[in-house]
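Taking it in order: structure first as structure tokens, then the write-up.
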Amino acid sequence: MGNLFEGYAPESYFDEMFGSAGEVRPHYDTLLARYAEMSSEEFQKKRALADNAFLTQGVTFTVYNDQEGTERIFPFDLIPRIIPRSEWEHVECGLGQRITALNMFLHDIYHDQKIVRDGIVPADIIHTAAHFRPEFMGFDVPKDIYIHICGSDLIRDQNGDYLVLEDNARCPSGVSYLLENRQAMKRVFPNLFSRYLVRSVDTYCLELLDVLRFIAPHGNPEPTVVLLTPGIYNSAYFEHSFLARTMGIEIVVGADLVTQNGFVYMKTTRGLKRVDVIYRRIDDDFLDPEVFRGDSVLGVSGMVDAYRRGNVSLANTIGTGVADDKVTYYFVPKMIRYYLDQDPILPNVETYLSHFDSDRKYILENLDKLVVKSANESGGYGMLMGPQATAAQREAFREAIEKNPRNYVAQPVIRLSRSPSFCDDHFEGRHIDLRPYILYGKKITIIPGGLTRVALRKGSLVVNSSQGGGSKDTWILNE
Amino acid sequence: MLSRVADALFWLSRYTERAENNARMMDVNLQVMLDVQPFANNQQHWESIIFTLEDTKLFYKLYPEITRDAVVDFVTFERKNPNSIYSCLALARENARTVREELSVEMWEQINRMYLFFSSGDAKPMFQSSTYEFFKWILEGSHLFQGVTDATMLHDEGWEFIRLGMFLERADRTSRILDIKYHILLPSGEQIGGNVDTVQWMAVLKSCSALEPYRKHYRGQVLPWKVVEFLVKNQTFPRSIVFCVDSLDYSLHKITGVDRGEFQYSVEAERLSGKLLADLCFVTVDEIFRAGLHEYLDRMQGRLIEITKAIYKEFCEWLEEEENEPEEIEPTQFQTQKNSS
């Protein structure tokens with residue numbers, strides 16, 4: 001084994017590249033040969049090349065701590081994660097099944113609530129969900145699709161089995177990094193790339209545009225589609241701009257829009273132009289100050305009225321957040337059985353709901369062993385990593401759970417799979433997850449791969465960029 | 001095209017052009033001072049530059065007195081001066097960032113590269129080791145931007161707004177540079193048409209990249225009325241005022257779709273630019289001097305501002321409405337939502 005891999009050990013984790021006896025997995029063979037021959041200096045050079053490309057292209061997110069705002073690149077790890085074809089097919093089936101069930105669930109919840117009446121999901125879980133929108137009971141959404149774009153986070157456990165960690169059914173972000181990571185890998189390792197048959201991710205934006213056009217009101221064959229962003233100060237602005245550019249659609253902020261007589265228009269140099277479909281990257285709360293948060297300046301007054309009248313379509317629709325609530329998550333396998341009469345292909349992580357008395361008792365007795373999450377926080381916030389937490393932190397969560405049991409779930413600490421990552425001057429194992437992007441329009445399309453996020457801090461299990469996470473290119477093999 | 005986008009393209013182009021002109025003006029004047037130093041009143045020379053930029057007040061807020069170094073710092077690096085090269089590049093990039101999807105990748109990368117040159121701290125050391133190299137880097141950077149804009153962006157409505165911004169800025173700048181000469185008094189004992197006078201007029205030409213084109217055109221001495229004629233009225237020199245006004249008039253007609261022939265116009269901005277263009281075509285240098293060069297140029301700047309306002313009113317009136325509402329200020333930009341993931 002070459003220099004960079006010297007001392008590398010999978011330890012007791014499931015390693016993506018090496019088996020437990022240290023033997024390389026067959027689909028990483030070619031990669032190992034290429035990387036093992038490189039010196040640390042050579043590798044650093046490759047890395048600087050990639051970093052510089054990200055910086056010049058402005059593939060950055062913004063951290064505001066002074067007047068100028070610091071732009072950081074999302075750390076990019078140059079060792080791709082490789083998934084063989086058969087393994088991916090299994091994941092694809094599971095994700096397709098899951099988004100189908102989630103959409104059926106949303107239809108049901110906003111109509112007859114059969115799943116509640118049949119006693120599968122408790123009524124108060126739904127009615128107390130922060131993102132449930134009772135205003136839309138009985139409302140029919142275009143083509144009966146609620147979630148058009150979904151990002152479900154997957155992890156692999158100690159046995160290498162894929163599990164669903166959470167669903168993101170509101171405005172999942174990160175897909176632009178996936179697309180840019182691929183560009184970077186092709187530039188930095190062109191020869192290695194050509195030695196693998198990697199499935200292309202290039203058509204994502206075309207497929208996304210197809211979905212958006214498919215849901216146009218009144219079956220308009222030539223709809224005007226726009227992307228609504230909170231603006232350049234949003235940390236994901238780069239992505240919004242990237243997607244709009246790649247789809248060739250306008251990117252608008254709330255101030256660019258105005259409503260008249262139940263239609264939404266944008267303000268152009270030639271007057272007002274009607275807008276048919278809005279891919280909105282702002283949350284429900286900010287969409288329309290007349291209906292939701294009155295102080296919102298990110299959306300536009302009257303948008304919800306236009307939406308209700310069927311004159312404008314939104315992706316995702318309003319109220320999908322009830323499906324990605326971490327408490328609702330617990331019920332997804334039950335939904336799959338209930339609506340589809342199938343066994344879930346991708347299981348959930350074992351989860352305890354503090355809403356249930358027996359689960360709550362178990363959670364409170366095992367706070368030092370569990371990961372506790374609040375229902376609606378994300379980005380690695382609002383979380384207790386039991387084994388690492390201080391007594392005071394555990395105590396704070398105990399109080400919070402007792403005060404508001406509806407709001408918490410707990411899971412055992414999963415020993416996430418690891419993948420070699422470049423650390424200082426050699427490779428070390430780091431924990432990873434995977435966020436695939438699922439599109440639901442005329443058909444279900446899953447981008448081959450997804451964003452592999454990596455917890456670059458040694459021993460860390462948190463992959464979020466705000467917590468020292470980075471990302472990797474994800475290769476789905478066509479063989 | 002979205003009004004907000006048109007506005008941003010206009011300004012990103014204006015700011016880039018302004019940065020370029022500032023760089024050229026600093027570069028030329030630093031060199032000129034080497035020639036005239038023994039005779040001239042240094043301070044007064046630099047003062048006239050600040051004066052023509054109409055930044056005197058702000059300057060004295062930031063610096064106790066006018067010196068070479070203070071002026072160069074003020075025009076080049078000072079972030080509190082919204083017209084400094086650094087500020088212009090930051091503003092150009094900020095505008096570019098809001099309309100990235102309208103720009104070609106090459107345009108964005110070039111604007112970003114110029115901004116990063118300053119923000120990364122690479123600019124100062126280069127400036128200290130060679131001011132010539134430094135200003136050359138900026139000039140070339142701006143030319144590269146204009147080149148890739150021409151070569152890679154769709155020549156559609158957005159491109160025309162970029163042209164509008166560039167030519168309005170350039171016309172304004174040429175008129176101001178010409179005006180510098182009005183403010184610089186000749187040192188006592190020096191005669192009009194004498195050595196120092198000629199060096200100063202040459203500096204004016206150089207500040208507009210016009211010395212060689214001028215020589216090609218007149219094949220002779222540098223004479224004040226010819227310099228004025230060249231910078232105001234030459235139809236083929238791309239930085240003369242008439243050339244800029246002609247080009248922006250052309251872009252305006254492209255945007256409105258109105259035929260330019262037979263003095264046609266459909267909007268106020270076109271009427272104003274057409275009128276200015278006719279004046280520039282038919283005025284004589286004699287008339288300009290009789291009216292007073294400074295007064296003439298002052299009026300010119302006023303008319304360019306009127307055109308800018310008319311463009312804004314015609315194409316971006318929506319944005320104007322918003323400005324009266326409180327939401328245009330900071331909270332708009334900083335209201336944040338928690339990303340759902």
Side-chain angles (χ1 to χ4, degrees), chain A residues 55-58 64 67-68 131 151 153 166 168-174 227 230-238 241-256 258 266-270 272-273 281-283 285-286 295-298 321 324 376-379 381 435 464, chain B residues 1-10 79 90 93-105 108-113 115-116 118-120 157-158 160-161 255-257 311 314-319 321-323 325-341:
Chain A
L55 196 62
T56 327
Q57 289 165 33
Y64 274 90
Q67 185 209 344
E68 293 260 319
H131 300 286
D153 291 345
E166 64 179 55
N168 293 284
R170 283 170 286 161
C171 306
S173 61
L227 185 152
I232 63 167
Y233 295 98
N234 184 268
S235 60
Y237 183 76
F238 164 76
S241 166
F242 176 95
L243 291 173
R245 198 167 68 240
T246 321
M247 287 190 279
I249 64 173
E250 305 274 6
I251 181 170
V252 300
V253 296
D256 290 325
V258 64
M266 58 182 171
K267 305 165 182 175
T268 79
T269 52
R270 285 159 206 241
L272 296 180
K273 183 172 185 203
R281 295 294 299 255
I282 69 180
D283 286 343
D285 280 339
F286 292 94
D295 65 339
S296 171
V297 294
L298 302 176
D324 74 3
N376 292 299
E377 298 270 3
S378 63
Y381 298 104
R435 174 176 291 184
N464 302 84
Chain B
M1 159 160 291
L2 286 175
S3 298
R4 176 179 55 82
V5 172
D7 190 52
L9 291 173
F10 177 89
R79 283 296 264 134
R93 177 178 181 270
E94 198 69 356
N95 276 289
R97 228 159 88 78
T98 65
V99 293
R100 253 212 70 180
E101 56 295 329
E102 293 292 328
L103 309 180
S104 65
V105 177
W108 162 253
E109 288 192 2
Q110 178 53 17
I111 267 202
N112 199 26
R113 194 175 295 130
Y115 167 76
L116 291 174
F118 275 84
S119 70
S120 66
E157 199 182 348
E160 301 295 352
F161 274 99
I255 291 167
T256 58
I311 290 172
E314 180 60 38
F315 303 108
C316 308
E317 57 175 336
W318 316 106
L319 306 176
E321 285 166 25
E322 307 285 339
E323 251 166 37
E325 292 168 23
E327 59 184 51
E328 189 64 18
I329 14 179
E330 273 190 17
T332 319
Q333 306 180 325
F334 285 98
Q335 182 167 35
T336 53
Q337 60 174 25
K338 244 182 239 159
N339 282 324
S340 51
S341 54

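Chain A is the first sequence line, chain B the second, and so forth, proteins listed ahead of strands; every chain is numbered from 1.
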Can you say whether B/Arg113 sits under 4.5 Å from chain A via the side chain, the backbone, both, or neither, judging by heavy atoms? side chain
Flag the pair A/Asp256 and B/Arg4 as a salt bridge only when some basic side-chain nitrogen lies within less than 4.0 angstrom of an acidic carboxylate oxygen. yes
Between A/Gly254, A/Gly174, A/Ser241, which residue shows the highest count of heavy-atom pairs closer than 4.5 Å to chain B? A/Ser241
Sort A/Phe242 into side chain, backbone, both or neither according to what part of it lies under 4.5 angstrom from a heavy atom of chain B. neither
With distance as the sole test, does A/Asp324 use its side chain to make a donor-acceptor pair with the main-chain N or O of A/Ala169 at under 3.5 Å? yes
Taking only residues two or more places apart in sequence or in another chain, which ones pass side chain to side chain donor-acceptor pair (under 3.5 Å) with B/Glu157? A/Thr269
With sequence neighbours left out, the residues meeting side-chain contact (heavy atoms from CB on, under 4.5 Å) with B/Glu314 are B/Val267
